[in-house]
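Read through the structure below, which is laid out as structure tokens, and then see the notes.
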Amino acid sequence: MSRATRCAAAALLAFAQAASPASPVDGFELEDAAMAERYQALITEFRCPKCLNESLASSGAPIAADLRRTVRRLIADGAEDAAIRAHLQQRYGDFILYDPPLRPSTWALWFAPLALALLAAALLRRAGARRSALPLSEAERGVVERFVERRG
Amino acid sequence: MAQTAAAPAHAAAHRMIGRLLPLAGFAALVALLYLGFTLRDPTLLPSALIAQPFPRFDLPILGGGGRRATEADLQGAPRLVNVWATWCPTCLAEHAELTRIGAETGLSIIGINYKDDAAKAIAWLVRHGDPYQFNVVDADGDLGVELGVYGAPETFLVDAAGIIRHKRVGEVNRAVWENEIAPAWRNLAATP
């Protein structure tokens with residue numbers, strides 16, 4: 001491998017590492033690869049409670065670091081993913097979940113888009129039906145007939 | 001004849017409604033967005049811990065020479081549990097009101113010194129006064145996570161059985177005390 005190629009490869013590697021969505025470094029490693037993978041997946045699932053629109057994985061807020069540490073501790077203690085979600089939800093509420101649960105208080109959230117789409121479809125249909133149901137006036141009928149004759 | 005005269009009037013009314021409908025829809029959308037953006041503070045999270053027991057903890061007491069406190073030390077009387085730190089300006093802003101509450105109402109106040117430096121915290125209490133019965137040291141914020149804390153100050157009203165009854169995120173001032181916390185405290189006395 002030529003020196004230039006090696007340089008390019010190194011640069012590419014550095015770029016790939018920088019571009020990969022790495023979480024802020026907390027100085028903690030989960031030794032088990034499967035656990036580390038679950039950890040990475042879980043922290044993208046939770047919303048940082050302080051920053052409104054960042055996941056635990058992407059946030060640099062101190063509270064996000066505390067919550068990442070909590071997730072790691074729970075994984076290391078052998079908790080299942082569902083138990084970890086429940087653990088954080090019990091303490092921080094539905095807010096912390098990017099994927100809100102379906103329950104009566106969130107029905108509006110889940111079903112309003114569908115209801116609006118149905119309403120829009122119904123209105124469009126009605127408007128379409130009304131337009132096609134309008135009878136042609138004598139003058140309009142004449143225009144259409146002339147047009148058809150010319151084409152025919 | 002009567003029918004043909006009525007039909008254009010009817011159609012005109014229909015057209016009028018058709019023209020106003022999008023405007024009405026737009027006005028409704030503006031109203032919805034206005035309410036959504038102004039009525040609710042998006043930085044305030046609903047608390048998930050109301051009516052839940054205060055989480056278990058076993059932490060050193062600030063300046064307590066190695067003594068520790070647990071959740072059992074909160075029980076026996078209603079308490080105001082205040083999460084504070086010296087790095088938190090709002091904590092200083094609410095300190096006078098907490099001091100007044102402690103002195104005038106007889107409600108016992110426990111502090112959680114949250115992610116702070118113990119020496120700084122002790123100096124801060126010497127300088128600004130100490131309304132707390134005791135403070136527990138939550139140096140790494142683990143008790144904060146258990147309490148769903150996402151910023152200081154946060155203040156919890158805990159009943160004599162150790163159940164969380166009210167949570168205030170942000171400053172406790174006179175208005176918050178009188179409109180939120182004092183009524184919740186009186187409620188505890190009314191329903192033993």
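Predicted, not measured: the structure shown is a model, and the values here were computed from it. FYI, side chains are in, hydrogens and waters are out, and symmetry mates aren't considered; it's all heavy atoms of this structure. Convention: sequence-line order gives letters A, B, ...; per-chain numbering from 1.
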> More than 12 non-hydrogen atoms from neighbouring residues, nucleotides or ligands closer than 6.0 Å to CD on A:E80, yes or no?
Replying inline: no

> Are A:I43 and A:L97 grouped together when hydrophobic residues (ILVMFWY) are joined by side-chain heavy atoms under 4.5 angstrom apart?
Replying inline: yes

> Going by an N to O cut-off under 4.0 Å, is there a salt bridge joining A:R73 and B:D142?
Replying inline: no

>> Please rank B:G141, B:G144, B:G148, B:P55 by heavy-atom pairs under 4.5 Å with chain A and give me the top one.
In response: B:G148

> Does the side chain to side chain contact (heavy atoms under 4.5 Å, CB included) test come out yes or no for B:E146 and A:H87, once each step is laid out?
Replying inline: CA-CA 9 Å; B:E146 289 302 299; A:H87 185 98; 3.6 Å; yes

> Does B:I122 belong to the same Ile/Leu/Val/Met/Phe/Trp/Tyr cluster as B:W124, with side-chain heavy atoms less than 4.5 Å apart forming each link?
Replying inline: yes

> Where is the tightest heavy-atom contact between B:A48 and A:G93, given as atom of each residue plus distance?
Replying inline: CB-N, 3.5 Å

> If you look at every heavy atom in B:G151 and A:K50, which pair is closest and at what distance?
Replying inline: CA-NZ, 4.0 Å

> Hey, quick one: are A:L123 and B:L23 part of the same hydrophobic cluster, counting side-chain heavy atoms closer than 4.5 Å, chains of contacts allowed?
Replying inline: no

>> Is B:Q52 in contact with chain A via its backbone, its side chain, both, or neither, using a 4.5 Å heavy-atom distance?
In response: neither

>> Donor-acceptor pair, distance only, cut-off 3.5 Å: does the side chain of A:Y92 make one with the backbone of B:V149?
In response: yes

> Side-chain heavy atoms under 4.5 angstrom apart, residues restricted to Ile, Leu, Val, Met, Phe, Trp, Tyr: same cluster for A:Y98 and A:L109?
Replying inline: no

> Same cluster or not: are A:F111 and A:L118 linked, directly or through other Ile, Leu, Val, Met, Phe, Trp or Tyr residues, by side-chain heavy atoms under 4.5 angstrom apart?
Replying inline: no

>> One pair to check against side chain to side chain contact (heavy atoms under 4.5 Å, CB included): A:D66 and B:D140. What are the steps and the verdict?
In response: CA-CA 8 Å; A:D66 291 352; B:D140 50 15; over 6 Å; no

> To the nearest 0.5 Å, what is the distance between CG (B:L49) and CZ (A:R91)?
Replying inline: 7.5 Å

> Can you tell me if CD on A:E37 sees more than 12 non-hydrogen neighbours from other groups inside 6.0 Å?
Replying inline: no

